[in-house]
Amino acid sequence: MLYRTIDPERLPELLCKMPKAELHMHIEGSLEPELMFALARRNGVAMKYPSVEALRGAYEFDNLQSFLDIYHEGTLVLKTEQDFYDMTCAYLERAKADNVLHTEIFFDTQTHIGHGLAAKVVVDGLYRACQDAPAKYGVTASLILCFLRHLSEQEAFACLEEVMPMREKIVGIGLASSEAGHPPEKFARVFARAKELGFRLVAHAGEEAGPEYIYSALDVLHVERIDHGVQAIRDPELVRRLARESVPLTVCPISNLKLKVVHRLQDHCLGALLDAGVCATVNSDDPAYFGGYINENYTQTFAALPLNATHAYQLARNSFQASFMEEAQRKQCIERLDKVFETFYRP
Ligand code: HPA
Ligand code: ZN
């Protein structure tokens with residue numbers, strides 16, 4: 001294992017410089033208060049908070065639901081295709097700064113349809129930013145549409161139908177929002193339909209709710225990746241299965257801390273999952289709300305846990321391995337990762 005010979009003092013620099021993919025980031029969760037206020041002005045939307053500082057000061061959460069309530073309010077400033085484009089470009093610029101080569105962006109249309117927008121306004125703005133991303137930022141980006149699980153399966157079917165004219169702009173389908181009380185089974189039929197339509201499938205499971213949601217996401221929804229999945233640690237047999245079947249987990253450590261899924265990063269199970277052979281990845285979830293983009297997630301987690309350069313390499317490699325990119329691109333990304341690691345080896 002050559003990468004064990006990297007100077008541990010250079011680990012924070014390595015974490016930032018290593019190429020990586022981000023696979024769990026809700027675009028509405030990347031909307032920084034500064035841009036939110038600018039969009040509110042542009043669209044004539046009244047803000048509930050008097051200033052950027054007051055809004056940021058309200059970002060204290062007890063659990064997932066208390067976050068979702070504020071997050072939902074933030075989406076009220078988004079009105080036009082250009083708003084969705086600008087929000088996505090702002091994220092892509094931050095992603096580039098963190099040496100993200102590829103990102104699979106979560107979004108939803110149900111929130112915005114609820115505010116009177118058409119799904120096309122949302123998808124067109126996001127997709128135009130994704131198309132411009134390689135030339136503008138050197139990043140490739142694709143889109144994953146999340147159904148909101150607190151709404152009905154029938155509403156998810158309507159959502160799927162509305163995006164069908166834009167089928168080619170969306171790589172996958174996911175499941176987000178309030179987890180407890182809304183198990184994967186509720187969406188069995190609409191996920192089966194999405195699969196028939198050729199979408200890649202993922203779902204949030206085991207963020208707050210228990211391992212049984214992860215089993216259902218795998219066995220009932222037939223997803224390829226689990227978003228969060230950290231509650232798997234309570235079930236050793238499930239951890240063994242995730243490792244054996246190479247089911248990736250898109251873990252978001254700072255999110256888990258801010259939503260009180262864990263009380264200290266020192267208690268986070270990321271290291272245990274990696275050491276058990278699970279294809280875990282590091283991601284930012286809602287960086288504007290949780291105060292950390294992807295590199296901050298890496299550096300804070302590595303500062304809190306006994307993780308080394310081998311783990312860093314594994315996490316970055318896992319992010320490419322778990323992504324929905326084409327094989328040729330995957331190979332190139334891993335080659336770029338290996339090159340950066342080479343420059344960090346001790347002589
Ligand atoms: N969990 C569920 N829904 C979400 C999240 C999350 O972490 N972020 C944005 N929507
Ligand atoms: Zn999420």
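Counting convention: from 1, in listed order, for ligands and their atoms alike. Here, residue 1 is the first one in the sequence, and each next residue gets the next number.
- Taking the six-membered ring for Trp and thresholds of 30 and 60 degrees, H24 and H228 have ring planes more than 60 degrees apart, a perpendicular arrangement.
- Checking D286 against the Zn ion (ligand 2), every N/O/S atom stays at or beyond the 2.8 Å cut-off.
- Close contacts between ligand 1 and D286 involve ligand atoms 5 (C), 8 (N), 9 (C) [criterion: under 4.0 Å to a heavy atom].
- The closest side-chain donor-acceptor pair between D69 and S66, if any, does not fall under 3.5 angstrom.
- The residue D227 has no part lying near ligand 1, judged by heavy-atom distances below 4.0 Å.
- Looking at E13 and F344, their side chains come closer than 4.5 Å, going by heavy atoms from C-beta outward.
- Nearest N/O/S atom of H204 relative to the Zn ion (ligand 2): this is NE2.
- For the pair N99 (side chain) and M18 (backbone), a donor-acceptor distance under 3.5 Å is absent.
- Geometric assessment of R241 against the ring of Y215 yields a negative cation-pi assignment under the 6.0 Å and 45° thresholds.
- The nearest N/O/S atom of D285 to the Zn ion (ligand 2) is OD1.
- Outside the 6.0 Å centre-distance limit, the rings of Y289 and H26 are not counted as a close aromatic pair.
- Put simply, part of L68 is less than 4.0 Å from ligand 1, judged by heavy atoms.
- The OH atom of Y298 sits 11.5 Å away from the CG atom of L11 when rounded to the nearest 0.5 Å.
- Within the 6.0 Å centre-distance limit, the rings of Y71 and F67 are counted as a close aromatic pair.
- Environment of NZ in K169: crowded, with over 12 heavy atoms of neighbouring residues, nucleotides or ligands closer than 6.0 Å.
- Using a 4.0 Å cut-off between heavy atoms, H228 contacts ligand 1 through its side chain alone, with no backbone atom that close.
- Considering both main-chain and side-chain atoms, S255 never comes within under 3.5 Å of ligand 1 through any nitrogen or oxygen pair.
- Heavy-atom distances between E28 and ligand 1 stay at or above 4.0 Å for every pair.
- Not a single N or O atom of Y71, backbone or side chain, sits closer than 3.5 Å to an N or O atom of ligand 1.
- Counting only heavy atoms of the protein, atom 3 (N) of ligand 1 lies nearest to S177 N, 2.8 Å.
- Cation-pi contact between R128 and F84: absent, since separation from the ring centre below 6.0 Å together with deviation from the ring axis within 45° is not met.
- One side chain, D227 or T250, offers a donor N or O that lies under 3.5 Å from an acceptor on the other.
- Here C252 does not reach the Zn ion (ligand 2): none of its N/O/S atoms is less than 2.8 Å from the metal.
- For ligand 1 and F67, the ligand atoms under 4.0 Å from any heavy atom of the residue are 8 (N), 9 (C).
- Backbone and side-chain nitrogen or oxygen atoms of H26 are examined, and one is located within less than 3.5 angstrom of a nitrogen or oxygen of ligand 1.
- Between the Zn ion (ligand 2) and the N, O or S atoms of H26, the shortest distance is to NE2.
- At the shortest separation from atom 7 (O) of ligand 1 among protein heavy atoms lies D285 OD2, 2.7 Å.
- Near E207, meaning under 4.0 Å from one of its heavy atoms, ligand 1 places the atoms 1 (N), 2 (C), 6 (C), 7 (O).
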